[in-house]
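Encoded as structure tokens, the structure appears first; notes follow it.
Residue numbers start from 1 in every chain, and the chains themselves are labelled A, B, ... in the order their sequence lines are given, proteins ahead of strands.
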Amino acid sequence: MANLLAAQGGRPLRDGLADLATWLGVTLVAGSALWVVADVIWHGVGAVNWGFVTTAPQDAGRAGGISTILVATFLVLLVCMTAALPLGLGAAMYLSEYGRGPMGRWVRRSLDVLAGVPSIVFGLFGAVFFVQVLGLGFSILAGGLTLACMVLPILIRTTEMAFSGLPQEYRAGAAALGFGPSGILLRVLLPAAAPGLVAGLILGVGRALAETAVLIFTSGYVDRMPDSLLDSGRVLSLHIFDLSMNVPGGDHNAYGAAVVLLLILLVINGIGGWLSRRWIGRGIVAS
Amino acid sequence: MIRLDTTGPTPAEPPLEGATAVPHSHSPDSDATVPYVALDRVGLSYDGTEVFRGVSLPLYRGAVTALVGPSGSGKSSLLTCINRLYELHPGARMSGTITVGGEDIHGAGADPVRLRRRVGMIFQKPNPFPMSIRRNLSLPLSEHRLPRAEWSARIEEALTAAALWDEVKDRLDHPAQALSGGQQQRLCIARALILEPEVLLLDEPCSALDPLATEAIEQLVMGLKCCYTMLMVTHNLAQARRVADQVGVLWGQGQPGELVEFGPTAQLFDDPQHPVTVAFMQRERA
Ligand SMILES: Nc1ncnc2c1ncn2[C@@H]1O[C@H](COP(=O)(O)OP(=O)(O)O)[C@@H](O)[C@H]1O
Ligand SMILES: [Mg+2]
């Protein structure tokens, strides 16, 4: 009885401490994120206008805008996702359907190792494999493909989670209706996993957009307008890095470019959310 | 066409007399003395562990057969033998033979896809796909390559047969999972009916539902009786008595389940022969 009372007496204090710790943690995380965003917007919003996004950089980026950079960024992202999406989806489906054996365990372990590899290593790999061995040169193609290797592990693991998180009843229900294995996978499980897939895709795109190290070695540094996928091009995050580290007097435009990068990330998140909602609205996917 | 009794749900059949387990059939095209589905000494094991063995069971068209027994005795597993769904588990092995419409389900030329079109299954927990009501029904049609022009007529027909059309006709494009549990289960029945099966396996279809929804499903099952061969697992003895024409008791406590008794509903309830059945009835009543 005495113990019980003591425990109850001690509880408010412990609860209070736990509350405080939780609250502090949340505030710190949210606060620092907000701070970064606010700082970028505070310094950069003045640089951003229509001219900034539609004119090419001049004087190493100190003057002019970021049009060529945006084009290169978009192309790199396009190459990256075109390569990574089908591969990632296929691998994830394989893992969730047949990945229970030793082979699956082996693939998963390799993916986890890959996910932990520093991006500079991917960059060096790309510089040797795509740039030299495959002879793609410093190009958007080489950069996009190297980036695809880098985002594949996250893409595969998040997609696999979206699949294996689906209740077993969907499989049994579809099989009982005479669906074959591919029908179950493509017609039932794939649409059911769509919201999770979108989340994985957004993570992957975000990771790709933030990447600099991989691209220094593969897609290059040139800030003129790329004329094909085999031409070199400089992506946005690399441009920001260069302006703030190597170009005296480039800070203003670096902040401007950072604001644009933030906006792109916001838009991509928005599109992802909208896509899921649209699927829900059309009744293809439930909330 | 989805076969349906045009007179609508019929009240429960008066209990059958006599020792034969042959119900009378409403459908003129069936021979009521020959079982449409016949299990002959069927057994199943998972990874070498026997779940049940030696089950011989005739199922007649136009009749509901109820399967009762303690949980774990292998009732659900028995159902999955009839549509070969047990094959989803790599370690599962079936012994004995099952014929559906005279064809051995494992015979030469038999294939699970065709079998599962003929043998629909309703699960214990309603399992509509996370999609719209319409898509839940059109998906099986497209998987089996039925002409798109027929889809909307078939959807309406199946929903009508499952007594759900009036409730959902204005929101076919809403998510199926927004429906109530009872509606979801009726949608699953519609989804099974849309492929025009001959046999329906129902695995405790009401166990997740409230009394009202349960009654709706019971009415529905009795209405479908005319035209299908149905095997329904149930926990609810009163339900078996209300709905079924014949009842089998699957029993297995710590050992492989066996069909300890099988016969017309009235006989089984009023004059159970096997001591296990007697005890089971008493325990369930208490
Ligand atoms: N996929 C499976 N793998 C291994 N054992 C199983 C599997 N499914 C069911 N079992 C076992 O088979 C027995 C019968 O289960 P089940 O058919 O669900 O019984 P019931 O439906 O009568 O409750 C249980 O002991 C259960 O643990
Ligand atoms: Mg069961």
Which one of A:Leu95, A:Val107, A:Val151, A:Leu87 satisfies the side chain to side chain contact (heavy atoms under 4.5 Å, CB included) criterion with A:Ile156? A:Leu95

Neighbourhood of chain A inside residues 99-126 of chain B, taking heavy atoms under 4.5 Å as contact: B:Val113, B:Arg116, B:Val119, B:Met121, B:Phe123, B:Lys125

Working note: B:Val168 + B:Asp170, criterion side chain to side chain contact (heavy atoms under 4.5 Å, CB included); need CA distance, chi angles, decisive distance, verdict. CA-CA 5 Å; B:Val168 302; B:Asp170 300 322; over 6 Å; no

Do you know which of B:Glu157, B:Glu150, B:Glu156 makes salt bridge (charged side-chain N to carboxylate O under 4.0 Å, His left out) with B:Arg154? B:Glu150

Has A:Glu97 got a side-chain atom pairing as donor or acceptor with A:Tyr94's backbone, closer than 3.5 angstrom? no

Mind checking what makes salt bridge (charged side-chain N to carboxylate O under 4.0 Å, His left out) contact with B:Asp210, not counting sequence neighbours? none

Heavy atoms only: give me the nearest B:Ala176-B:Gln184 pair and the separation to one decimal. O-CG, 3.8 Å

If you tally heavy-atom pairs under 4.5 Å against chain B, which of A:Gly173, A:Ala175, A:Ala172, A:Ala174 wins? A:Ala175

Report the C-alpha separation of A:Phe179 and B:Leu139 in whole Å, then their side-chain angles, then the decisive distance to 0.1 Å, and conclude whether the side chain to side chain contact (heavy atoms under 4.5 Å, CB included) test is met. CA-CA 10 Å; A:Phe179 284 58; B:Leu139 218 54; 4.2 Å; yes

Does anything in residues 84-98 of chain B reach chain A? List residues with heavy atoms under 4.5 Å apart, or say none. B:Leu85, B:Leu88

Do B:Glu204 side-chain atoms and B:Ser207 backbone N/O form a donor-acceptor pair below 3.5 Å? no

Mind ranking A:Gly180, A:Gly183, A:Gly178 by heavy-atom pairs under 4.5 Å with chain B and telling me who comes out on top? A:Gly178

Those residues that, when tested against B:Tyr36, pass ring pair (Phe, Tyr, Trp, His ring centres under 6.0 Å) (two or more places apart): none

Side-chain contact test, heavy atoms from C-beta onward, threshold under 4.5 Å: evaluate it for B:Trp151 versus B:Leu137 and give yes or no. no

Euclidean distance, B:Leu67 CG relative to B:Leu202 CG, rounded to 0.5 Å: 11.5 Å

Side chain, backbone, both or neither: which part of B:Ser142 has an atom under 4.5 Å from a heavy atom of chain A? both

